[in-house]
Structures are given as C-alpha cells and as structure tokens.
Amino acid sequence: MRIEIVSLFPEFVAQVAGHGVVGRAQERGLLSLHGWNPRDYAEGNYRRVDDRPFGGGPGMVMMIDPLRACLEAARAADPAPARVVYLSPQGRPLTQAKVRELAAQPRLVLLCGRYEGVDERLLAAEVDEEISIGDYVLSGGELAAAVVVDAVARLQDGALNDAESAVQDSFEGDGLLDCPHYTRPVEHALGEVPAVLLSGNHALIARWRRQQALGRTWLRRPDLLDRGTLSPADHKLLEEFLAGAGH
Ligand SMILES: Nc1nonc1C(=O)N[C@@H]1CC[C@H](O)C1
C-alpha cells in the first residue's frame with residue numbers, strides 16, 4: 001500500500017509513523033509513505049500557500065492552486081488509483097470499520113490542513129471523503145493523518161507478528177472493547193492476576209475474556225453494544241457479569 005501525505009510538514013507524519021509496527025511494515029515493503037509539500041508548488045517569491053478568508057474573520061485559509069498542483073503531482077507519482085482523504089473536524093468519525101475500508105485501498109492521499117482549513121472549492125473538486133479523528137480542534141491535520149497511517153498499517157497482511165492480536169484488539173470483529181490484560185509477575189503489591197488466566201483451561205479463559213469484553217463495553221461504551229444482536233450465550237455472560245458487578 002502506498003500513502004501520499006500532502007502537508008506543509010510532510011516529514012512530520014513520516015517521523016511519527018516511522019516506529020514500531022508502521023516502521024516494520026515499511027521495512028517489509030507492506031507500506032510506503034511519500035510526503036508532498038504544497039509550498040513546493042506555490043508561485044511567487046514568498047511561495048504563498050495561504051491567504052485571508054473572504055468575509056473576514058480570524059486566521060488564514062489554504063489556497064487552491066498550490067494544493068491542486070501538489071495533489072496532481074502526488075497522484076501522478078504512481079499509477080494505482082488513489083482515494084483522497086481530507087482530515088478535518090467536519091469529517092465523518094474514524095472508526096475501525098472505516099480503517100478496514102481504507103486499509104484495503106491500493107493507495108491513499110491524506111490531505112492535511114493547517115490554519116482555518118482549506119478553500120472549499122478545492123475540497124469539492126479533489127477530495128473523496130473527509131474524516132475526523134475526534135470532536136476537537138488540532139493545529140494541523142498531520143497528527144490525524146498519522147493516526148490513519150498507524151491504524152491502516154497494522155492491518156496490512158504481514159504487518160503484525162501475531163495476526164491474532166489484530167483480531168483481539170478492541171473494535172475488531174465484533175466491535176466490543178478489549179478485555180483486560182495481565183503479565184508477570186503473578187504476585188504484586190498492585191494486586192493479583194485473575195486465577196482463570198493461570199488455569200491453563202483455554203475454554204474458561206476464552207469465556208472470561210469474552211465476558212470481560214461484554215461487561216466493559218456495557219459499562220464504558222454502551223453505545224457500542226447492540227444488545228439486540230447479542231447471542232443467547234453472550235446475553236448470559238453479560239447478565240452474569242452485571243450481577244457480579246452489582247448492577
Ligand atoms: N479533529 C480532527 N480530525 O482530523 N483533523 C482534525 C483537526 O482538528 N484538524 C485541524 C482543524 C483546523 C486545522 O486546519 C487542522
């Protein structure tokens with residue numbers, strides 16, 4: 001998979017996304033990141049990329065032509081069809097389902113805004129979809145792009161040493177939150193490890209983990225739990241969990 005990063009700070013994303021799983025995915029040739037800076041495509045002595053907003057108001061807006069020329073160069077860099085994504089609070093929320101959809105694309109162009117944002121005419125002409133990583137305002141879209149790169153990279157075949165961990169992660173598969181995790185030492189001043197995890201009984205361990213995932217989702221993110229789609233076994237596990245938790 002190839003990802004073009006269109007940004008006034010293109011090296012930013014490569015630095016943030018160059019470690020761990022994402023760095024390894026790049027080393028394994030599963031993913032390549034390519035930075036493109038609209039300032040390299042701006043005209044004039046000052047290579048202007050932004051200007052004041054029509055209608056007045058604070059801040060600056062990114063201009064059409066440097067971005068348009070930059071996007072054209074990024075598209076032309078590879079024959080694979082590219083999905084152009086603009087990161088912005090006005091976008092649809094990034095979910096694991098959306099990550100899976102993006103991870104299946106041969107190529108992505110991630111457009112990172114700065115200042116107040118981008119001239120709407122450029123967005124209408126060039127962008128396939130807007131995506132938000134959350135309901136807050138960042139100083140630039142680069143961190144959001146790095147989030148997309150990380151989430152997409154780990155889903156590339158061969159990126160994770162233990163493919164199972166991608167399935168067990170929160171939101172994978174059934175959309176539940178992840179169960180709690182423990183590791184050595186068994187005894188610690190901060191508490192003990194649940195005995196079931198030391199039992200060696202894999203069926204009981206799987207049951208406990210499923211019950212914890214259901215219970216934690218119900219307690220922390222009930223919006224993710226559509227009880228109507230739960231199996232009878234899951235209903236029973238959840239009821240048992242809630243009874244034990246005094247709910
Ligand atoms: N939340 C978000 N999810 O994706 N991007 C953002 C975000 O805050 N972007 C900034 C808004 C103005 C500046 O141009 C960049």
Side-chain angles (χ1 to χ4, degrees), residues 1-19 22 31 33-42 46-74 82-105 107-155 169-171 175 221 223-224:
M1 176 176 210
R2 180 173 167 129
I3 303 180
E4 324 288 351
I5 309 288
V6 175
S7 161
L8 292 173
F9 306 100
E11 71 288 346
F12 178 104
V13 180
Q15 284 158 7
V16 169
H19 305 277
V22 183
L31 177 83
L33 299 180
H34 304 265
W36 303 86
N37 189 334
R39 197 172 298 281
D40 297 335
Y41 300 85
Y46 300 99
R47 299 203 296 165
R48 182 171 206 134
V49 293
D50 63 308
D51 207 335
R52 293 186 303 283
F54 284 127
M60 304 292 273
V61 176
M62 295 184 78
M63 298 161 70
I64 296 171
D65 285 338
L67 279 174
R68 196 170 182 206
C70 186
L71 282 165
E72 185 181 356
R83 169 92 65 95
V84 180
V85 173
Y86 175 53
L87 288 310
S88 111
Q90 287 71 44
R92 295 171 68 90
L94 182 66
T95 63
Q96 192 63 20
K98 175 57 72 174
V99 167
R100 281 195 292 270
E101 182 192 318
L102 296 176
Q105 301 300 317
R107 186 155 73 115
L108 295 176
V109 177
L110 301 183
L111 173 57
C112 305
R114 280 270 155 176
Y115 317 117
E116 293 305 304
V118 173
D119 189 302
E120 192 65 21
R121 293 167 291 179
L122 184 282
L123 301 180
E126 298 278 357
V127 169
D128 296 311
E129 61 181 307
E130 283 191 48
I131 290 177
S132 169
I133 64 164
D135 294 332
Y136 40 78
V137 180
L138 303 168
S139 55
E142 286 80 9
L143 279 173
V147 165
V148 172
V149 168
D150 187 291
V152 159
R154 62 190 299 282
L155 294 188
D169 278 2
S170 298
F171 306 103
R221 289 293 305 274
D223 59 301
L224 296 177

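Whatever order the structure lists ligands and atoms in, that order sets their numbers, starting from 1. Heads up: numbering here begins at 1 and tracks the sequence.
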> What are the atoms of ligand 1, with element, lying closer than 4.0 Å to any heavy atom of Y136?
Replying inline: 1 (N), 8 (O)
> Going by the order shown, which atoms of ligand 1 are within less than 4.0 Å of some heavy atom of I133?
Replying inline: 3 (N), 4 (O)
>> Using 0.5 Å steps for rounding, measure from the CE atom of M60 to the CD atom of E116.
In response: 10.0 Å
> Quick one: which of P89, A145, G141, G117 has a heavy atom closest to atom 2 (C) of ligand 1?
Replying inline: P89
> Can you find an N or O of G140 that's nearer than 3.5 Å to an N or O of ligand 1?
Replying inline: no
> Can you check whether V84's main-chain N or O pairs, donor with acceptor, with D128's side chain at less than 3.5 Å?
Replying inline: yes
> Hey, which atoms in ligand 1 end up nearer than 4.0 Å to a heavy atom of G134?
Replying inline: 1 (N)
> So L71 and L122, side chain to side chain contact (heavy atoms under 4.5 Å, CB included) or not? Walk me through it.
Replying inline: CA-CA 10 Å; L71 282 165; L122 184 282; 4.1 Å; yes
>> If you compare all heavy atoms of L33 against all heavy atoms of A14, which two are closest, and at what distance to 0.1 Å?
In response: CD1-CA, 4.3 Å
> Identify the closest protein heavy atom to atom 8 (O) of ligand 1: which residue and atom is it, and at what distance?
Replying inline: L138 N, 2.8 Å
> Taking heavy atoms and a distance under 4.0 Å, where does S132 meet ligand 1: side chain, backbone, both or neither?
Replying inline: both
>> Show the atoms of ligand 1 that are less than 4.0 angstrom away from any heavy atom in A144.
In response: 4 (O), 5 (N)
>> Under 4.0 Å from a heavy atom of L87: which atoms of ligand 1 are those, numbered in the order shown and with their elements?
In response: 4 (O), 5 (N)
> Taking Q105 for the side chain and E101 for the main chain, is one N or O donor matched with an acceptor at less than 3.5 Å?
Replying inline: yes
> Which of these, V49, D119, L111, sits in a side-chain contact (heavy atoms from CB on, under 4.5 Å) with L67?
Replying inline: L111
>> What I want to know is whether Y115 and ligand 1 share at least one N or O pair that is separated by under 3.5 angstrom.
In response: yes
> Atoms of ligand 1 less than 4.0 Å from V137 heavy atoms?
Replying inline: 8 (O)
> Any sub-3.5 Å donor-acceptor pair from D50's side-chain atoms to V61's backbone N or O?
Replying inline: no
> Just how far is it from atom CG of L8 to atom CG of D40, taken to the nearest 0.5 Å?
Replying inline: 9.5 Å
> Under 4.0 Å from any heavy atom of R114, which atoms of ligand 1 are there?
Replying inline: 14 (O)
